[in-house]
Amino acid sequence: MPELPEVETVRRGLAPLITGRRFTGAVVRQPQLRQPVPADLGARIAGKRVDGVERRGKYLLIRASGETLLVHLGMSGRLRVLTSPPAPDRHDHVDLLLDGADGGGLMLRFHDPRRFGLILLCEPQGTHPLLANIGPEPLGDAFNGDYLFRASRGHRVAVKNFIMDSHVVAGVGNIYASEALFRAGIRPQTAAGRVSHPRYGLLAAAIRGTLEQAIACGGTTLRDFIGVGGHAGYFKQELQVYGRAGELCRVCGSAVKQLRIGQRSTFYCSVCQH
DNA sequence: ACGGCCTCCTGACGGC
DNA sequence: TGCCGTCAGGAGGCCG
């Protein structure tokens, strides 16, 4: 489900609703996520006041009085803020409870059918091994064509796989990899080490532009992504190639092609991309 | 070090 | 109707 724009949409929705509130506990119905939910989660967060919500790649970091909650939505995860929560369904695995100034509490409910998501507590310094080797943020200053060019020398992987590697750049998933390569005019199957310096300049700009535009749209809802308030993202209507196999390229009118690279569906235009 | 495949899990969909 | 294979927005781990 969520790539960087969707996680950022969640972060932006979440931060103003929970910042300043105090955790009162947690209900864990299903601890078996990608890694086990800490058994003492509720006890560890109880009484901690939320200072803010950050994002690193596709990870959310909820900072609260020196404790840091790490949340990843995996492929099918959702986070909702609820004031009067309905009875949990079978995939509502964790509820994080927060107090309310007027007595009305809030619930942060984690829902994840495939359970590839993650809820962990960080080390006292607020770090975690899962975050240690993530590449630069694509919206940050360290990410540019120069960086991609240098990082890619000698690599024979397809450039699409290269930009989807979180150690290379954080947060670019299957949708936005195809979209950014289309915008940059680069074929996804090209070996990363054979893409020129100027073309990496185009690609870095395309990645940044695509992600920023998707964030402005509240993310992409393909089937089930919703923000914390329950709203769908509307970047789907802006998609140029992803999910459009056989449909006409919006630029040149030829049929969008689909192939599999590294077990992932990949979409491109064979006229616009070389 | 690198690259490619597998894995975790559930659900939806198409074909027979 | 059901059963089976395939695919789905992630990403760490393992193997050669």
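Keep in mind the model is a prediction, meaning the values are calculated, not measured. Every heavy atom of this structure was used, including side-chain atoms; hydrogens, water molecules and symmetry mates were not.
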Hey, what are the protein-to-nucleotides 1-3 of chain B N/O distances that come in under 3.5 Å?
residue : atom : partner : partner atom : Å
B/dG3   : OP1  : A/R156  : N            : 2.4
B/dG3   : OP2  : A/H155  : ND1          : 2.9

dist A/L131:CG -> A/R56:CZ (nearest 0.5 Å) comes out at 7.5 Å
Just N and O in the side chain of A/R90: are any of them under 4.0 Å from OP1 or OP2 of B/dG11? yes
What parts of residues 27-35 of chain A reach DNA chain C, counting only heavy atoms under 4.0 Å away? A/R34
For atom CZ of A/R153, is the number of surrounding heavy atoms from other residues, nucleotides or ligands below 6.0 Å larger than 12? yes
So which nucleotide does C/dC15 pair with, by the Watson-Crick or G-U wobble rule with both distances under 3.5 Å? B/dG3
Are the ring of A/F116 and the six-membered base ring of C/dA11 within the stacking cut-offs of under 5.5 Å and under 30°? no
Have a look at A/Y242 and say if it touches a base, only the backbone sugar-phosphate, or nothing, with a 4.0 Å heavy-atom cut-off. sugar-phosphate
Pick out which of A/L73, A/L96, A/V37, A/D92 makes a side chain to side chain contact (heavy atoms under 4.5 Å, CB included) with A/F110. A/L73
Compare side-chain N and O positions of A/R260 against OP1 and OP2 of C/dA8 and report whether any pair is under 4.0 Å apart. yes
Separation of atom CD in A/Q263 from atom P in B/dC6, rounded to whole Å: 6 Å
Rounded distance (Å) that lies between atom P of C/dG10 and atom CD of A/E3: 5 Å
Which heavy atom of A/D146 sits nearest a heavy atom of A/H197, and at what distance? OD1-NE2, 2.6 Å
Under 4.0 angstrom between A/Y59 side-chain N/O and C/dG12 OP1 or OP2: yes
Winner on side-chain proximity to A/L130, out of B/dC5, C/dG12, C/dG10, is C/dG12
Please state how far atom NE2 in A/H167 lies from atom C1' in C/dG12, giving the value in whole angstrom units. 8 Å
Calculate the interatomic distance between A/D224 atom CG and B/dC13 atom P; express it in whole Å. 12 Å
B/dA1 and C/dA11: how far apart are their P atoms, nearest whole angstrom? 22 Å
Take the protein atom CG of A/L118 and the nucleotide atom C1' of B/dC8, then report the distance between them rounded to whole Å. 12 Å
Is any side-chain N or O of A/H91 closer than 4.0 Å to OP1 or OP2 of B/dG11? yes
Starting from C1' on C/dA8, measure out to CD1 on A/I261 and report it in whole angstrom. 17 Å
Go through the N and O atoms of the side chain of A/R115 and the base of B/dC9, and report whether any donor-acceptor pair is under 3.5 Å. no
Mind checking A/H93 for me? I need base, sugar-phosphate or nothing, with any heavy atom below 4.0 Å counting as a touch. nothing
Taking atom CG of A/D89 as the centre, report whether more than 12 heavy atoms of other residues, nucleotides or ligands fall under 6.0 Å from it. yes
Could you tell me how the ring of A/F149 sits relative to the ring of A/Y200: parallel (under 30°), tilted (30 to 60°) or perpendicular (over 60°)? perpendicular
Any donor-acceptor pair under 3.5 Å linking the side-chain atoms of A/S265 with those of A/R260? yes
When the P atoms of B/dC5 and C/dT6 are considered, how many whole Å apart are they? 16 Å
Check this for me: A/R194, atom CZ, are more than 12 non-hydrogen atoms of other residues, nucleotides or ligands nearer than 6.0 Å? no
When you measure from the side-chain N and O atoms of A/S265 to the phosphate of C/dA8, is any distance below 4.0 Å, counting only OP1 and OP2? yes
Would you mind classifying the nucleic acid contact of A/G173 as base, sugar-phosphate or nothing, using non-hydrogen atoms under 4.0 angstrom? sugar-phosphate
Strictly below 4.0 Å, N to O, side chains only: are A/D95 and A/R109 in salt-bridge contact? yes
Rounded distance in Å - CZ (A/R56) to P (C/dG10): 17 Å
I'd like to know if the side chain of A/T220 and the backbone of A/F235 have a donor-acceptor N/O pair within less than 3.5 Å. no
Is the closest basic N to carboxylate O distance between A/R183 and A/E179 below 4.0 Å? no
Whole-Å gap separating P (B/dC9) and NE2 (A/H72): 18 Å
DNA chain C: A/I134 or A/R114, which has the more 5' nearest nucleotide? A/R114
